[in-house]
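Supplied in structure tokens, the structure appears directly below.
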Amino acid sequence: MAGRGEKLPRFATKQAAREYVWEELVRRRAARFPFPPRGRIPNFEGAEEAARRLFSLPLWRGVRAIKVNPDAPQRPVRAEALRRGIVLFVPTPRLRGGFWRLDPARIPAAEVERAAVLSNVRRYGEPVGLEELPRVDLVVTGSVAVTPAGKRCGKGEGYGDLEYAILRELGHPPAPVVTTVHDLQIVADFPRDPNDLPLSWIVTPTRTLQVRRPLPPPRGIDWSLLDEEDLRRMPVLRELRRRT
């Protein structure tokens, strides 16, 4: 983020906000492997500190299951959640294979860090059908850019929004959404679509921002935004469409 005394930039489009964040992370040497950050949920210096700060919040009391994204910057969050005995539901990349369950009761303590890495999900987890997806207590998402008012944009493909919408389509109640980002990823404003994830907490390596009035969550999937090719590429959506 700009220095505490600097004015945050505003953007007329989400893509402009994304491009700014990707460039700033590189320019200020705050980006971390995998490179380049452009086109990704960017990994960042201080991801471990942001995770520790996230787990210091009282919102974890009573949390037994979370939906968490598979991207690199949230790996420390996944590892710490497993250490705390929290069951993870992780979407497969691009939702091609639905969701996987990582149950800490089945993962040796010495292998938690390995289990939190995306490439090891199949080794330590098990696939979960739509009818088996339980109510989750919390959603942890990765972000490219966020605003203090709780707006979020990802890399532009809409998978994080779809994953949340799937839970709502199944009748699950809204769950609080939190994200860990670098300070440079916080901007003043950009446009928001009705199906966008509404953030409740934004945590950086140095700051914790609570969104006092989270924006309205989506009620389900906006099927008008999807075509037959989307349903072909994401069988979980095709199955859900048949059920509705």
Cluster check Trp201, Val139: I/L/V/M/F/W/Y, side chain < 4.5 angstrom =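 No; Val139 is not reachable from Trp201 via cluster members.
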(request) Taking Arg40 for its side chain and Pro36 for its backbone only, find out whether a donor-acceptor pair lies under 3.5 Å. (result)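 Yes, Arg40 side chain to Pro36 backbone: donor-acceptor pair under 3.5 Å.
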* Asked: How far does CE of Met234 sit from CG of Leu226, to the nearest 0.5 angstrom?
  ->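 If I round to the nearest 0.5 Å, the distance is 6.0 Å.
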Q: With the side chain counted from C-beta on, respond yes when Val203 and Leu57 share a heavy-atom pair under 4.5 Å apart, and no when they do not.
A: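 They are in side-chain contact.
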**Prompt:** Between Glu23 and Arg38, is there a salt bridge with N-O shorter than 4.0 Å?
**Reply:**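 A salt bridge is absent here (no side-chain N lies under 4.0 Å from a carboxylate O).
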Report the residues that fulfil salt bridge (charged side-chain N to carboxylate O under 4.0 Å, His left out) with Glu132, sequence neighbours left out, ordered by chain and then residue number.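 So Glu132 forms no salt bridge (charged side-chain N to carboxylate O under 4.0 Å, His left out) with any residue.
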Item to complete: Establish, from distance only, whether the side-chain atoms of Asp189 and Thr147 form a donor-acceptor pair under 3.5 Å.
Response: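 Distance-only check fails for Asp189 and Thr147.
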Query - CD1-CD distance between Ile41 and Gln74, expressed to the nearest 0.5 angstrom - result: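 Rounded to the nearest 0.5 Å, the CD1-CD separation comes out at 7.5 Å.
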With a sphere of 6.0 Å drawn around CD of Glu131, does it hold more than 12 non-hydrogen atoms of other residues, nucleotides or ligands?
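More than 12 heavy atoms, drawn from other residues, nucleotides or ligands, come within 6.0 Å of this atom.
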- Query: Any donor-acceptor pair under 3.5 Å linking the side chain of Glu169 with the backbone of Ile221?
  - Reply: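 It does hold such a pair.
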**Message:** Considering only residues two or more places apart or on different chains, which pairs with a residue in residues 77-99 satisfy ring pair (Phe, Tyr, Trp, His ring centres under 6.0 Å)?
**Reply:**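 Counting only pairs at least two positions apart or across chains, no ring pair (Phe, Tyr, Trp, His ring centres under 6.0 Å) contact touches residues 77-99.
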Problem set entry | Short side-chain donor-acceptor distance under 3.5 Å, Asn69 and Asp71 |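 On atom types as modelled, these side chains qualify, holding a pair under 3.5 Å.
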Note to self: If the condition is ring pair (Phe, Tyr, Trp, His ring centres under 6.0 Å), which residues does Phe11 pass it with, not counting sequence neighbours?
What the structure shows: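 Tyr20.
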Just verifying a value: how many Å separate Leu82 CG and Tyr124 OH, rounded to the nearest 0.5 Å?
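Answer for the CG-OH pair, Leu82 versus Tyr124, is 11.0 Å.
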Ion pair present between Glu49 and Arg53, side-chain N to carboxylate O less than 4.0 angstrom?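 Result for this pair is no, no salt bridge flagged.
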Q. Does any N or O in the side chain of Trp100 come within less than 3.5 Å of the main-chain N or O of Val90, such that one atom is a donor and the other an acceptor?
A.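 Not at all, since once roles are kept as given, no pair shorter than 3.5 Å links the two residues.
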query: Under 3.5 Å, is there a donor-acceptor pair between the side chain of Arg10 and the main chain of Phe190?
result: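 Flag not set: sc Arg10 to bb Phe190 has no pair under 3.5 Å.
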Check your understanding: Looking at CD1 of Ile86 and CG of Leu102, how far apart are the two atoms once the value is rounded to the nearest 0.5 Å?
Key ->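 That separation rounds to 12.5 Å.
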* Shortest non-hydrogen contact from Leu231 toward Trp223 ->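 Closest approach of Leu231 to Trp223: CD2-CZ3, 4.0 Å.
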Residue pair Ala79 / Val112: nearest heavy atoms and the distance that separates them
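Looks like O-CG1, 3.3 Å.
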Exercise. Would a distance-only check, ignoring hydrogens and angles, find a side-chain to backbone donor-acceptor pair under 3.5 Å from Asp193 to Asn195?
Worked result: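 Not at all, since once roles are kept as given, no pair shorter than 3.5 Å links the two residues.
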**Asked** Within a strict 4.5 Å, meaning less than it, do heavy atoms of the Thr204 and His182 side chains meet?
**Response**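 Answer no - side chains too far apart.
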Quick one: closest heavy-atom pair of Pro148 and Val211, and the distance?
->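 Pro148 and Val211 have their closest heavy atoms at O-CG2, 3.8 Å.
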Discussion item. Donor-acceptor pair, distance only, cut-off 3.5 Å: does the side chain of Arg78 make one with the backbone of Ala116?
Written reply: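 The answer is yes, because a donor-acceptor pair under 3.5 Å joins these two groups.
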* Asked: Which is it for Lys151 and Val146 under the side chain to side chain contact (heavy atoms under 4.5 Å, CB included) test, yes or no, and what are the steps along the way?
  -> CA-CA 5 Å; Lys151 293 183 182 180; Val146 300; over 6 Å; no
message = Between Arg238 and Glu228, is there a side-chain heavy-atom distance shorter than 4.5 Å?
response =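 The answer is no, as the side chains (C-beta and beyond) never meet within the 4.5 Å cut-off.
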Fill in: Linked, directly or transitively: Leu199 and Leu209 (ILVMFWY side chains, under 4.5 Å)
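Yes; tracing contacts between hydrophobic side chains, which count when under 4.5 Å, links both residues.
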Closest contact, heavy atoms only, Pro218 versus Tyr164: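 For Pro218 versus Tyr164, the nearest heavy atoms are CG-CD2, 3.7 Å.
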Check the hydrophobic clustering (I, L, V, M, F, W, Y; side-chain heavy atoms under 4.5 Å; chains of links allowed) and say if Val68 and Val136 are grouped together.
->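 Result: no, two separate clusters.
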Is the shortest heavy-atom distance from the side chain of Pro194 to the side chain of Asp222 under 4.5 Å?
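The answer is no; the side chains never approach within 4.5 Å.
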| task | Show the numbers, then the answer: is there a side chain to side chain contact (heavy atoms under 4.5 Å, CB included) between Arg101 and Val87? | result | CA-CA 7 Å; Arg101 178 198 290 118; Val87 179; 3.6 Å; yes
Sequence neighbours excluded, every pair satisfying salt bridge (charged side-chain N to carboxylate O under 4.0 Å, His left out) that has a member inside residues 57-69: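 Matches after skipping sequence neighbours: Lys67-Glu163.
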(message) Please determine whether a side-chain nitrogen of the Lys or Arg among Arg32 and Glu48 lies less than 4.0 Å from a carboxylate oxygen of the Asp or Glu.
(response)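 Salt bridge: yes.
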| field | Check: Val21 and Leu184 side chains under 4.5 Å, non-hydrogen atoms | value |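 No; the side chains remain at least 4.5 Å from each other.
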Self-check item: Backbone N/O of Val117 and side chain of Asn120: donor-acceptor pair under 3.5 Å
Solution: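 Judged by distance alone, no pair lies under 3.5 Å.
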Notebook entry, point to check: Taking only residues two or more places apart in sequence or in another chain, which ones pass ring pair (Phe, Tyr, Trp, His ring centres under 6.0 Å) with Trp60?
Noted result: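 Checked Trp60 against ring pair (Phe, Tyr, Trp, His ring centres under 6.0 Å); matches are Phe55.
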To the nearest 0.5 angstrom, please state how far the CG atom of Leu54 sits from the OG1 atom of Thr208.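 Interatomic distance, Leu54 CG to Thr208 OG1, rounded to 0.5 Å: 8.0 Å.
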Quiz item: Is a side-chain N or O of Gln185 found less than 3.5 angstrom from the main chain of Ala145, in a donor-acceptor match?
Solution: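 A pair under 3.5 Å: no.
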Do Leu170 and Leu240 come within less than 4.5 Å of each other through their side chains, counting heavy atoms only?
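Answer yes - side chains close enough.
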key: Member of Pro216, Pro214, Pro217, Ser200 meeting the side-chain contact (heavy atoms from CB on, under 4.5 Å) criterion with Pro174   =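 Of Pro216, Pro214, Pro217, Ser200, side-chain contact (heavy atoms from CB on, under 4.5 Å) with Pro174 is met by Pro217 alone.
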* **Which atom of Pro198 lies closest to which atom of Arg192, heavy atoms considered** =>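 Taking Pro198 first and Arg192 second, the nearest heavy atoms are CB-NH2, 3.9 Å.
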- Query: So with a 6.0 Å cut-off around CZ of Arg219, is the heavy-atom count from everything else above 12?
  - Reply: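 No, because the 6.0 Å sphere around CZ of Arg219 holds 12 heavy atoms or fewer from other groups.
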With hydrophobic residues grouped by side-chain heavy-atom distances under 4.5 Å, do Ile186 and Val178 end up in a single group?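 No: no chain of side-chain contacts under 4.5 Å links Ile186 to Val178.
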Problem set entry | N-O pairing of Glu239 and Arg242 below 4.0 Å |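 Answer for the salt bridge query: no.
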field: Sequence-distant partners of Asp196, salt bridge (charged side-chain N to carboxylate O under 4.0 Å, His left out), two or more places apart
entry: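 Lys14.
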Asn43 side chain to Pro34 backbone, donor-acceptor under 3.5 Å:
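No, the answer is negative, given that no donor and acceptor are paired below the 3.5 Å cut-off.
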Least distance between heavy atoms, Phe44 atom then Pro73 atom:
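Phe44 and Pro73 have their closest heavy atoms at CE2-CB, 3.7 Å.
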* To do: Check the side chains of Thr179 and Ser143 for a donor-acceptor pair under 3.5 angstrom, ignoring hydrogens and angles.
  =>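 Judged by distance alone, the side chains do pair up.
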Item to check | Arg207 side, atom CZ; Ile202 side, atom CD1 - distance, nearest 0.5 Å | outcome: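 Taking CZ in Arg207 and CD1 in Ile202, the distance rounds to 9.0 Å.
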_Contact check, side chains of Val26 and Arg29, non-hydrogen atoms, under 4.5 Å_ =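 No - every pair of side-chain heavy atoms lies 4.5 Å or more apart.
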Taking atom CZ of Arg106 as the centre, report whether more than 12 heavy atoms of other residues, nucleotides or ligands fall under 6.0 Å from it.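 No, because the 6.0 Å sphere around CZ of Arg106 holds 12 heavy atoms or fewer from other groups.
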Any Arg52 side-chain heavy atom under 4.5 Å of Glu80 side chain: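 Arg52 does not reach Glu80 side chain to side chain.
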Is Leu138 reachable from Val181 through a run of I, L, V, M, F, W or Y residues, each pair having side-chain heavy atoms under 4.5 Å apart?
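No: no chain of side-chain contacts under 4.5 Å links Val181 to Leu138.
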